[in-house]
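Reviewing the structure listed below.
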Amino acid sequence: KITHDYAARIDYDLWMDCQRVKELDGATTSINSLVNEGLKLVRDRKMQEIASQRKQRTTLQSISTW
């Protein structure tokens, strides 16, 4: 699997929260897996928002040309 290395500046409080989640959730093996899981959630949410905006724009265009 191809990966991309990315250095990030993470807010201290958020980092500490992630450390605590890691401690509490034995299934999560690393901060990296938390970051990847979070990125997938953000990606999916943003893709839904974009699709909704496109649908709304298409609907508005259809109404205005009718």
Could you measure the distance from the [atom1] atom of [X] to the [atom2] atom of [Y]? Nearest 0.5 Å is fine.
X	Y	atom1	atom2	value
Leu41	Leu39	CG	CG	9.0 Å
Ser33	Asp25	OG	CG	8.5 Å
Gln19	Leu34	CD	CG	9.0 Å
Ile10	Asp17	CD1	CG	11.5 Å
Tyr6	Asn32	OH	CG	14.0 Å

Common cluster, Trp15/Val42, ILVMFWY with side-chain heavy-atom separation under 4.5 Å |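 They do not share one cluster, since no chain of ILVMFWY contacts under 4.5 Å joins Trp15 to Val42.
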Are Val21 and Tyr12 linked, directly or through other ILVMFWY residues, by side chains that come within less than 4.5 angstrom of each other?
->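 Val21 clusters together with Tyr12.
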Residues Glu23, Arg20: salt bridge by 4.0 Å N-O rule |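 Arg20 and Glu23: salt-bridged.
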Say whether, by atom type as modelled, one donor and one acceptor occur between the side chain of Thr58 and the main chain of Arg54 under 3.5 angstrom.
->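 Yes.
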Checking side-chain contact (heavy atoms from CB on, under 4.5 Å) against Arg43, which of Met47, Lys46, Arg45 comes through?
->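 Output: one option passes, namely Met47.
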